[in-house]
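Beneath this line is the structure, given in C-alpha cells, with notes to follow.
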Amino acid sequence: MYESMNPRLVFWPIKYSKLSIFYGLSIPLLISLFYQQYFIPNQLYFIGSIVIITFFLALPYYETKWQNINKKTFEHRLFWTSLLFRSIYILYLYSLTYFNQPDNFPFELNASDSLTYHDLADQIKNLPFSEFLSQLNIHMKNRADFGYPIYQALIYKIFGTFTLPVRILNALWGSYTVLLLSRIARFLFTEKHARITGIIAMLFPSLLWYGAIQLKETLMIFIIVFIFYNSLKIYFTKRKILKSTFYIIILSGILFYFRTFLAVIVISSYLLFLLLNSKSKHTIIINIISGFIFLFGLWFLSINTDVYQDVENQYTESEGFMERNLSNAKEKLGNVEYTTAAVAPLIVTGAFFTPFPSFLLTEERQFPIIAHYQNEIIKNIMYFFGFLGLIFVFKKEFFRKTIMFSYFVVCYLFVLTFTANSFIDRFQLVNVPFIIIFMSVGLINIKPKWKNLFPYYFIALLIMHISWVLFKVNIRVI
C-alpha cells in the first residue's frame, strides 16, 4: 500500500525556481550587451522565456499537487499530462516552421534527416520486401539507419503520407517513456524518486522538442528505456521472465538498425547488471536463465543478419572520427576557424553538461539552433543535480542496482566525446532520460551541504556560458 508523503516536504523548493528563472532570463540579456547586433530574435527570446518560466514553476507545482495521490492516479495523470504537453509542442513546432521557414513545412526547421526519412519511407511503403531493402542500401549509409525509414514507411502505409500521424505516435512513445522512467525510479529507489523523475521527464523541454518532430531519437529512447525497464522487472518481480526476456532480445536486435554502437552499450550494460546482481541462489538461477536466453537470441540474430559486421565497420570508421567531424563542421558552417587541438579540451571537459546554448544569431542558418536555446539553459541548470546523483550512486549502496544506468551514461558520454558529438543536442538527448533519474537522486538523497552549493553553481554556469560565447565568437572571426 502506498503511504502518503509529508505535504510540507518539497524537494524542489520555490527558491530554486526563482534563481533558475532569473538566470535563464538574464543570461541572454547579458550577452546581448556585448553583441547586440547578433541578439536572439525577439520572438524566440519571448517564447524561450515562457518555456523557462513554465518549467521552473510547473516543477514545484506538480510535485506538491501530486505528492499525496495514489500511485495509479499519479501514473494516469502523468501519462495524459505528458501527452498534453507534447501535443502543444507539435502545434508550436509546426507553427515555428510555417512562419519562419515555410519551404520546410511540414517538417522541422532546416529539415535534413527527417526529409530524407520521409522521402525514403514514401518510396518504399508499397514495395515488396526485397525491393525496399535494395532502396535502403542505395539511400542509407549503413544498416544502422534502416530502422526508422522502415518504421515510418509502415505508418505511411497505414495512415497515408502525412507527417501528423508520425508526430502523434512520437508523442505517445514519449509519454509512455515518461511513465516507464517513473517506474524504473520506483524499482531502484522509492516512490518519491518515481514522482520527481516522472514530473521532470514530463516537463523537460528537450524531450518535448524532439518528441514533437519526425526524427528517430524519441522512438530510439523508448526502445532503450523499455529494454532497461524489462531488465529491472525480471530482477525485482521475478515474474514473466520469458516474456520480458523476449522483449529485451527483439528490441536489442531492432536497436542495431537505429544506432549500432548504442545497441552494443545497451547490451553490455544489461550483462554487467546481471553479473553484479547475482547474489542469492534464486537470483543467480534467474539471471543465468535470462542471460542465456538473451545471448542465444542475439546469437540467432547474428547468424541471420550482419549486425556484428556493422559494429566492426563502424569501429574501423571511428579512427580519426573527431578530426573528420570537426573538418565537416568547418565546411558546413563556412566562416569558422579552429583546430582539433583547440577544440578537444573544451569537448572533453564540458562533455557531461553540454550542449551549451547558442545566444548569437550570426547568420540565418543558425536560426534553428537559436530556436531552442531555452532547452539547453534548462538542461545546464538541472544537470547540477544529475551530476550529484550520478556521483552518489557510484559511492553508495545503490551502486549494483544502478550500474546498468550509470555504466550506460558514462559509456555513451565517452562515445560522444570520442566522436566530437558531445556538443550536439540531438546526440546528447539519448542520455537525458537516465540523467533525469539521477536528478531525482541529487534532489532527494544528497546532503543539504551539497545542495546548498546550487546558488554558487550559477557562477560556474555563467563562466561556462560566457566562455562558450567567446569561443563561438573567436572561431567565427566576428
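- The minimum heavy-atom distance between I40 and Y45, with the atom names listed, is CG2-N, 3.8 Å.
- Y210 and N170 form no side-chain donor-acceptor contact under 3.5 Å, judged by distance and modelled atom types alone.
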Original post:
Could you go step by step and tell me if F384 and L453 meet the side-chain contact (heavy atoms from CB on, under 4.5 Å) rule?
Top reply: CA-CA 10 Å; F384 172 78; L453 294 175; 4.2 Å; yes
Original post:
Where do F385 and Y16 land on the ring pair (Phe, Tyr, Trp, His ring centres under 6.0 Å) test, with the steps shown first?
Top reply: CA-CA 12 Å; F385 297 101; Y16 287 0; 5.7 Å; yes
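- Note: L207 CG to T218 OG1 = 7.5 Å, rounded to the nearest 0.5 Å.
- For the atom pair CG (L271) and OG (S231), the distance works out to 9.5 Å, reported to the nearest 0.5 Å.
- Applying the salt bridge (Lys or Arg N to Asp or Glu O under 4.0 Å) rule to pairs touching residues 203-229 yields D145-K216, E217-R259, E217-R426, sequence neighbours excluded.
- Taking 4.5 Å as the limit, every side-chain heavy atom of V178 sits out of range of all side-chain heavy atoms of F204.
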**OP:** Verify side chain to side chain donor-acceptor pair (under 3.5 Å) between T163 and Y94, making sure each step is shown before the conclusion.
**Re:** CA-CA 10 Å; T163 61; Y94 267 136; 2.6 Å; yes
Original post:
When you look at Q67 and F74, which way does the side-chain contact (heavy atoms from CB on, under 4.5 Å) test go after all the steps?
Top reply: CA-CA 8 Å; Q67 65 179 342; F74 168 75; over 6 Å; no
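- No cation-pi contact links R77 to Y62, judged by a cut-off of 6.0 Å to the six-membered ring centre and 45° from its axis.
- With sequence neighbours left out, the ring-ring contact (aromatic ring centres under 6.0 Å, His included) criterion links F458 to Y23, F454.
- Across S206 and K379, no two heavy atoms sit closer than the pair OG-CE, 3.9 Å.
- Side-chain atoms of I227 and Y270, non-hydrogen and from C-beta on, never get closer than 4.5 Å to each other.
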**OP:** Go through Y235 and F273 one step at a time and tell me if the ring pair (Phe, Tyr, Trp, His ring centres under 6.0 Å) criterion holds.
**Re:** CA-CA 10 Å; Y235 178 76; F273 174 79; 5.4 Å; yes
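- No more than 12 heavy atoms of other residues, nucleotides or ligands lie within 6.0 Å of CZ in F387, so this atom counts as exposed by the packing criterion.
- Atom CZ of F414 sits in a sparse spot, with 12 or fewer heavy atoms from other residues, nucleotides or ligands closer than 6.0 Å.
- Considering only heavy atoms from C-beta on, N380 comes within 4.5 Å of H465 through its side chain.
- Listed for the S440 side chain is a donor-acceptor partner under 3.5 Å among the backbone atoms of I437.
- With contacts defined as side-chain heavy-atom distances shorter than 4.5 Å, the pair L96/L44 qualifies.
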**OP:** Decide side chain to side chain donor-acceptor pair (under 3.5 Å) for H193 and T190; before the verdict, give the C-alpha distance in whole Å, the side-chain angles of both, and the deciding distance to 0.1 Å.
**Re:** CA-CA 5 Å; H193 294 82; T190 67; 2.7 Å; yes
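- The backbone N or O of F107 sits nowhere less than 3.5 Å from a side-chain atom of N104 that would complete a donor-acceptor pair.
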Original post:
Checking side chain to side chain donor-acceptor pair (under 3.5 Å) for the pair E75/S182: CA distance, chi angles, key distance, verdict?
Top reply: CA-CA 8 Å; E75 291 194 340; S182 179; 5.3 Å; no
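- Between R167 and P106, the closest heavy-atom pair is NH2-O, 2.8 Å.
- A distance-only check finds a donor-acceptor pair linking the side chain of S95 to the backbone of L91 [under 3.5 Å].
- The nearest pair of heavy atoms linking S175 to S82 is OG-C, 3.5 Å.
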**OP:** Test side-chain contact (heavy atoms from CB on, under 4.5 Å) on T402 and Y407 and set out the steps.
**Re:** CA-CA 8 Å; T402 60; Y407 175 85; over 6 Å; no
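- Note on residues 39-51: no pairs pass salt bridge (Lys or Arg N to Asp or Glu O under 4.0 Å), not counting sequence neighbours.
- Expressed to the nearest 0.5 Å, how far CD1 of I31 lies from CD1 of I466 amounts to 5.0 Å.
- Counting heavy atoms from C-beta on, the side chains of P368 and E108 never come closer than 4.5 Å.
- Across every non-hydrogen atom of R86 and A212, the tightest pair is O-CB, 4.3 Å.
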Original post:
Between Y412 and F261, does a side-chain contact (heavy atoms from CB on, under 4.5 Å) hold up when you go through it step by step?
Top reply: CA-CA 9 Å; Y412 190 66; F261 265 118; over 6 Å; no
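- Residues S49 and L25 come closest through the heavy atom pair OG-CG, 4.0 Å.
- Aromatic ring orientation, W173 versus Y151: tilted (interplanar angle from 30° to 60°).
- In this structure the side chain of Y383 reaches within 4.5 angstrom of the side chain of M439, judged on heavy atoms.
- With E63 contributing its side chain and W12 its backbone, the two residues share a donor-acceptor pair below 3.5 Å.
- Using a 4.5 Å heavy-atom threshold, the side chains of S114 and I213 count as separate.
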**OP:** Begin with the C-alpha distance, continue with both residues' side-chain angles, and end with the deciding distance and a verdict on side chain to side chain donor-acceptor pair (under 3.5 Å) for T116 and D113.
**Re:** CA-CA 5 Å; T116 301; D113 284 354; 5.0 Å; no
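- If you take CZ on F359 and OH on Y373, they are separated by 8.0 Å, rounding to the nearest 0.5 Å.
- Surrounding OH of Y247 are at most 12 heavy atoms belonging to other residues, nucleotides or ligands under 6.0 Å away.
- Ion pairing of E191 with R195 is present here, as a side-chain N (NZ or NE/NH1/NH2) and a carboxylate O approach within less than 4.0 Å.
- With rounding to the nearest 0.5 angstrom, the CG atom of L272 is 13.0 Å from the CD1 atom of I265.
- A distance of 12.0 Å separates CD1 of I250 from CZ of F226, quoted to the nearest 0.5 Å.
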Original post:
Can you list the steps and then say if F228 with F408 is a ring pair (Phe, Tyr, Trp, His ring centres under 6.0 Å)?
Top reply: CA-CA 10 Å; F228 285 160; F408 177 87; 5.6 Å; yes
